[in-house]
Amino acid sequence: MAEHEVIKDPITGAETTGHVWDDTLMEFNNPLPLWWVWAFYGTVIFSIVYWILFPAWPIGFLEKGYTTGIKTISYEKNGEEVTRHWNTRSLLWADMHRGPEEAKRQEMLKVVAETPFDDIAKDPQKAQFVQAYGKNTFADNCAGCHQAGGQGVIGHYPNIADDAWLWGSDVAQIEATIRGGRNGMMPAHKDILTPEEIGNVSNYVLSLSGETANAEAVTAGKLVFDTKGCAGCHTPAGTGMAALGAANLTDKIWTQANVPGADTLEDKVAAVSGVISGGIQRQMPAFDGRLSENEIKVLVSYVKLMSAQ
Amino acid sequence: MSGCQKKSANTTTAVIHPRSVKGRFRNMKTMIMVLAYAAFFIFPWIPFARNVGPDQAVSFDLVTRKFYIFHVVIHAQDIFWLAALLFLAAVVLFFATALAGRVFCGYFCFQTLWTDAFRWIEQKIQGDRVARIRLDRDKWNANKIFRKGSTHALWLLLAFWTGLSFVLYWGYAPELIQRFFTLDLPSAAYITTFVLMATTYLAAGIMRENVCMHICPYARFQSVMIDHNSKIVSYDPKRGEGTAGRALPKKGLKTQEERSAKGVGDCVDCGFCVQVCPTGIDIRDGLQLQCIQCGLCIDACDNIMDKRGWDRGLVRYASENELDGKKTKFFTLRTLGYGLATLGAIGFLLGSISMKKPIEGTARQIRSPLYIMLSDGQIQNRYEVKVQNKTQKLAVFDVTIDGLNNATVDMGQIKNFTLKPDESQKLLIKVLHERLTGEYKDIPFRFVLTPTKGEVTEPVYLPSQFISP
């Protein structure tokens, strides 16, 4: 640029750039402060270093769809050492598996896994751990059907927070249920029994639970119950059989027929009749192999502590 | 471009080299600085035996969320004390400002304290005001390199120790410092130390009064807290200027009599008050934004007045009313209000700390599901009962309930709450009751924790409710 004579603005006395347009039009020379200029250059250099190290530019034809940077991060995943380009998701994963809190958690998990259930139930520390750790495992694997609090859904999934267990409430039985899953089956009786018989046996089943029912129908229903196959699984007393998953009909709990939700006897009979004529087909998947041994151990303890048994 | 910058350099960025001065306000500042430094640098090193927790007088343990300050242990749920403390700090600040201007700035602010310490180092190595100004003007030579270099090295050392001392509060100091120098600490410790080191060095060594003038918001809102009755550092213009202005004590102007005969005031225009000012202002121009009310100009002027045998107080703490010849009112709505708020905050904080409950707990009903029907028709509700033992002794509590007749408490195989010193436990407790048939389907009741062992002898009540279909 050609040298210009520096002209001072006559009014303010401030320096101008020396350029003059249209005879009198001048431009103030107000340079940026030096610290600002250098800070700006600093950010430029910083960003270039950053681009080299970290993922930065979204460029579609690259393998990842962006520049990955040369910085890497290593972490353990499923027992294998994995190295990825640096990214926050991997960082989070690495932190979650390396942090001191996680080490403590794993240590406690090992201790709990080796402790028999009765000792867990007596020890507030271990019981607390099971409540906290098991809550997540339960929420991830069980709550989808049995609901977050284990209350289940009448007609679909059994309530496991109460004290009635179709397949038994021992720790060993609960473990077997979780590991192997269960197939709950009751044959449909709409082709085996007449509608009248179904109505009568429904009255009888209601009376077993202490509900008020039609006395005549109860007597007729008991005959059907004893002779037409019901007692085979539910036992003649109606108390069920854990080995078959046959429900205890004498308690106040209904897992299939929505009796608590019905107000009149007619509705209650209809609810029970529906189950008898349609039968039951329910299935719980096996979790052996899907969950680790430690997780199964914690889950069994969690369910056992949660239930009213 | 360069011309413009030179111009601004002369007005705002010139380094201020205040002259040192002796006097009562200087002594007070030094005393406060020594006390504050002693507290900050020594607290983490004082041993303090505890049954539970670190054997360190002041320790902030983030992992267990407990703050230890001598005999007081602050748990996470006591954190509102921090809010009370901040409120107290705010109203004390307002109160002090209403009474005596920016006393906080002048005597207690860490910016002032650290700048003072840095200046003390500077003065010991480079000499007083004139020597420092001369050294600044000198060309770079061995002497200048040595003096400037050692000053900055000592500044960096003090800044580093400041940052490190802050870090020591967050762990067990003797172990922490060993691990610090063996590079065994998490990066957060090093980042905190070096960021604090850098900011301390920059703020107290380089930026100094510019922090007070351009960065600190308090300098800007002080004006709303000062009124005509606030005792601020003031020059008494009536006495100093007389009717004919100030004048040097030349021949014929040496005594007060000669001066008053000619209408000349008591100010001998020696400039000492300007030379000692850490923000480089002339107090004789009246109250200014830059003034941090440190009182050093009072010390300077007092020295001169003492030498001449005249009364002190040409520059003094005086209100605008006092300078106008009116009375200073200390009891105004503003000072009374701030004073009452201060007392209230102190009372609340002390009361709350002294009445801290040694046992705290909550009973939270599990709401998913709200109730469970059992096979015999009874209704079960579940509760997450959390009890914290804040005492330093083992505490055992039996659990019963009050307000729900014929109910059963089921704690499974756990018999009671057995809490170690400073331990908290969360247990799942089930309560069984027959189905409610009345109008109300939920009944409030209380868990009663009856102590059988420990410091606390009164039962603890935890309110909750029972819900039935």
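Below, chains carry the letters A, B, ... as their sequence lines are ordered, and counting in each starts from 1.
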**Prompt:** What is the distance from atom CE of M306(A) to atom CD1 of I372(B), rounded to the nearest 0.5 Å?
**Reply:**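 Separation between the atoms: 8.0 Å.
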**Complete:** When rounded to the nearest 0.5 Å, the distance separating OG of S368(B) from CD of Q147(A) is 7.5 Å
More than 12 heavy atoms of other residues, nucleotides or ligands under 6.0 Å from [atom1] of [X]: yes or no?
X: E434(B); atom1: CD; value: no
X: K393(B); atom1: NZ; value: no
X: Q178(B); atom1: CD; value: no
X: H97(A); atom1: NE2; value: yes
X: Y371(B); atom1: OH; value: no

**Item:** Top contributor to chain B interface from G149(A), A148(A), P100(A), A14(A) [non-hydrogen pairs under 4.5 Å]
**Value:**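 Max contact count across the listed options: G149(A).
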**Prompt:** So, for Q380(B) and A161(A), which heavy atoms are closest and what is the spacing to 0.1 Å?
**Reply:** NE2-O, 4.1 Å
**Asked** Can you check whether L374(B)'s main-chain N or O pairs, donor with acceptor, with D163(A)'s side chain at less than 3.5 Å?
**Response** no
**Asked** Side chain of R382(B), backbone of S307(A): donor and acceptor closer than 3.5 Å?
**Response** no
Acceptor/donor pairs from residues 127-138 of chain A side chains to any protein atom, 3.5 angstrom cut, sequence neighbours excluded:
from: Q128(A); atom 1: OE1; to: K426(B); atom 2: N; distance (Å): 3.0
from: T137(A); atom 1: OG1; to: Y133(A); atom 2: O; distance (Å): 3.3

**Item:** Residues in residues 238-261 of chain A that sit under 4.5 Å from chain B, counting heavy atoms only
**Value:**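 Contacts with chain B: D251(A), K252(A), I253(A).
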**Prompt:** Are I120(A) and Q413(B) side-chain neighbours, meaning at least one heavy-atom pair lies under 4.5 Å?
**Reply:**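 Side-chain contact under 4.5 Å: no.
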**Request:** Side chain from CB out, backbone as N, CA, C, O: work out which of these in I414(B) comes under 4.5 Å of a heavy atom of chain A, or both, or neither.
**Result:** both
